[in-house]
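Just below is one structure, and these are the notes that go with it.
Lettering of chains follows the sequences in order, A, B, ..., and the numbering in each one begins at 1.
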2 protein chains.
Amino acid sequence: MSRAAGETGVQSALSTLRILEEVARRQPVGVSELARVAEMPKSSVQRYLATLQQAGWLRIVDPERARWGLTAKPIGIGLRAAGEGGLREAALPAMRALSRETDETVHLAMRDENSLVIVARRDGTQTVRTYVELGTVAPIHGTASGLSILAKLPDAEVEAVIAAGLASHTDSTIVDADALRAEVAATRDRGYAVNAASWWRPHVAAIGAAITDSIGRPLAAFALSIPTVRFDSADAPRLGALAVAAADQVSDLLD
Amino acid sequence: MSRAAGETGVQSALSTLRILEEVARRQPVGVSELARVAEMPKSSVQRYLATLQQAGWLRIVDPERARWGLTAKPIGIGLRAAGEGGLREAALPAMRALSRETDETVHLAMRDENSLVIVARRDGTQTVRTYVELGTVAPIHGTASGLSILAKLPDAEVEAVIAAGLASHTDSTIVDADALRAEVAATRDRGYAVNAASWWRPHVAAIGAAITDSIGRPLAAFALSIPTVRFDSADAPRLGALAVAAADQVSDLLD
DNA sequence: ATACGTCGTTCCAACCGTCGGAACGACAGG
DNA sequence: CCTGTCGTTCCGACGGTTGGAACGACGTAT
């Protein structure tokens, strides 16, 4: 079982965790489908499922069809990952208000090193909306949320993100270091980030505003996520000001 | 490596998951402490940590001291376990209101088969309060929340819980099948559950009210969690009515 | 200053747990 | 009736995993 260099992990545990993630994403799901998407032998998947059941993470949610799903155990783990402090909960009211003021979809993304995790969503009433599954990991250099966070980080950390590599997601993703530095500078000037060019997902534009802790370090960000067909650059200043106000309001709640 | 009969899981994966849980509970934490609490060789723990890092679940949060903690990945998994429907979020406002009305700690517990998981808390202003860590698993037959849920289940499912075994947690836990059936009946009469005898945790009394979906199946419950030193049975009807009202309000939100 | 305990980290050979192909009965659809 | 797919079970060979031992660094008590 040869893999890329530098990997020393326990193979069977990695495979088991992989199955756990796939079940989380596709539940309720059966053995064969899992084996197909994970490209593993069916009998191995079966064994991993039994292991995860024994550990209390999974259970058969539909006994008749042998479909697997998550137990409640991951809820507890997830809560601990989010921190009991409850940034998420603190942000929900402001998120709702922002969504109402703008009638657009608002996402809350939490920073995790050099990436973001979408942890909450509030929809507007538009007939055409953007959609991202909660829990999705987003690139920090390829989203308005991420740019708004980068703009509040010291240059050294921005450079660290650049050094880690700027992966491309669409043909307009910012992959050039200087271009990213320029975008960070522009975001610092504006106070909010604008992604009008579908950096990450096709046909999705966004406006981002960062949420900071008491000493000004960015922890998360709001994003107004707007289909490009409806996005008008002329609206950006108004939407940006609303997003910044909402983010600042949450920042103030965090002591 | 001999274990109890009937277990067929992948050992290394079980050990790895065990370490994941311990890290979640104790983060930030080092190798030696983990090896001690999990009773595993230090070198094995080290390997499991590397594996979990490779899988994206853990990272070193304090590089100077080599302390490990969770990444944001579990947030996404946890959200999927809770269901995007967002029972938790739907319940938060009512929980806050209930806490204010009663000035007591309110817990939200979600059902997971024959157990409960505490997924949210709202404190009152009392100087003496109960405390349960979020993510804690509680017995369905040993809590007011659990009893309120059992009371809304058909008898067949109550019997299934009894058949699964009534583990004892304090010397007043209900472990007798008939006693539990009687308590379920009493709860059905009242509409809310009363645990005045510290069934689960010492010195903690509680009043529980179930939250149901559109067809009346109980999904979760509110509990007013009160130190026994302050608990007065005469207050139970008033508190019970408030808890039921709050739970019903959330139930109605769930279509 | 010295000795001691604990920390995180690395290495490696023997062992035994894991792997996955193969085969099974059940089921649904053509 | 046949075919494809489902979930499940079995077992021998293989190699991934195990964990004791040893390392240097650090902090503390002697």
Side-chain angles (χ1 to χ4, degrees), chain A residues 1-55 57-71, chain B residues 1-55 57-71:
Chain A
M1 195 173 281
S2 64
R3 293 196 167 255
E7 305 190 359
T8 58
V10 178
Q11 303 299 337
S12 60
L14 287 173
S15 302
T16 304
L17 288 167
R18 172 74 195 288
I19 292 301
L20 171 59
E21 288 181 53
E22 292 296 343
V23 171
R25 201 186 332 268
R26 321 174 100 91
Q27 62 172 332
V29 65
V31 177
S32 292
E33 181 181 345
L34 287 169
R36 217 176 301 117
V37 298
E39 295 180 312
M40 297 177 186
K42 214 168 29 164
S43 56
S44 297
V45 172
Q46 180 99 324
R47 188 159 6 92
Y48 299 145
L49 288 171
T51 301
L52 287 161
Q53 179 180 41
Q54 192 174 327
W57 288 74
L58 301 184
R59 67 157 186 261
I60 298 181
V61 291
D62 181 350
E64 295 176 13
R65 303 181 185 182
R67 290 294 179 272
W68 294 77
L70 295 169
T71 66
Chain B
M1 197 173 283
S2 65
R3 295 197 165 252
E7 307 191 356
T8 58
V10 178
Q11 303 298 337
S12 60
L14 287 173
S15 302
T16 304
L17 289 167
R18 171 76 196 286
I19 292 300
L20 172 59
E21 288 181 54
E22 292 297 342
V23 171
R25 200 185 334 268
R26 299 164 190 275
Q27 61 173 329
V29 65
V31 177
S32 292
E33 181 182 345
L34 287 168
R36 217 177 299 118
V37 299
E39 295 180 310
M40 297 177 186
K42 214 167 31 161
S43 56
S44 296
V45 173
Q46 180 98 325
R47 188 159 7 91
Y48 298 145
L49 288 171
T51 302
L52 288 161
Q53 179 181 40
Q54 192 175 327
W57 287 74
L58 301 185
R59 67 158 185 261
I60 298 180
V61 290
D62 181 349
E64 295 176 14
R65 303 180 183 182
R67 290 294 178 271
W68 295 77
L70 295 169
T71 66

Subject >> Distance, nearest 0.5 Å, that separates CZ of Arg36(A) from NZ of Lys42(A) >> reply: 9.5 Å
**OP:** Could you check how far CD of Gln11(B) sits from P of dT17(D), rounded to whole Å?
**Re:** 13 Å
**OP:** Hey, could you give me the OG1/CG distance between Thr16(A) and Leu17(B), rounded to the nearest 0.5 Å?
**Re:** 7.0 Å
Original post:
Is a donor-acceptor pair below 3.5 Å formed from side chain Arg47(A) to base dG20(C), judging by atom type as modelled?
Top reply: yes
**OP:** Identify, residue by residue, the members of residues 60-68 of chain B with a heavy atom below 4.0 Å from DNA chain C, and return them in order of residue number, or none.
**Re:** Ala66(B), Arg67(B)
Subject >> Arg59(B): side-chain contact (heavy atoms from CB on, under 4.5 Å) partners, not counting sequence neighbours >> reply: Asp112(A), Glu113(A), Val61(B), Thr71(B)
**OP:** Would you tell me whether Ser12(B) and Ser12(A) have side-chain atoms, one donor and one acceptor, within less than 3.5 Å of each other?
**Re:** yes
**OP:** Rounded to the nearest angstrom, tell me the gap between atom CG in Leu49(B) and atom C1' in dT17(D).
**Re:** 16 Å
Subject >> Near-strand residues of residues 24-46 of chain B, defined as heavy-atom separation under 4.0 angstrom from DNA chain C >> reply: Gly30(B), Val31(B), Ser32(B), Arg36(B), Lys42(B), Ser43(B), Gln46(B)
**OP:** To the nearest 0.5 Å, tell me how far Leu14(A) CG sits from Tyr48(A) OH.
**Re:** 9.5 Å
Subject >> Contact under 4.0 Å: Tyr48(B) side-chain N or O vs dT18(D) OP1/OP2 >> reply: yes
**OP:** Could you tell me, to 10°, how much the axis swings from one end of the helix from dA3(C)-dT28(D) to dG30(C)-dC1(D) to the other, five pairs per end?
**Re:** 40°
Subject >> From Ser43(A) atom OG to Gln46(A) atom CD, the distance as rounded to the nearest 0.5 Å >> reply: 8.5 Å
**OP:** Test Leu70(B) against Leu20(B) for side chain to side chain contact (heavy atoms under 4.5 Å, CB included), laying out the working first.
**Re:** CA-CA 8 Å; Leu70(B) 295 169; Leu20(B) 172 59; 3.8 Å; yes
**OP:** Answer whether the closest heavy-atom distance between the side chains of Trp68(B) and Glu33(B) falls below 4.5 Å.
**Re:** no
Original post:
Do Ile19(A) and Leu52(A) have side chains that get closer than 4.5 Å, going by heavy atoms?
Top reply: yes
Original post:
Considering residues at least two apart in sequence or located in another chain, which fulfil the side-chain contact (heavy atoms from CB on, under 4.5 Å) criterion with Glu22(B)?
Top reply: Arg18(B), Arg25(B), Arg26(B), Leu34(B), Val37(B)
**OP:** Please report, rounded to the nearest Å, how far the P atom of dG7(D) is from the CG atom of Leu58(A).
**Re:** 15 Å
**OP:** Could you pull out all residues at least two apart from Ala66(B) that satisfy side-chain contact (heavy atoms from CB on, under 4.5 Å)?
**Re:** none
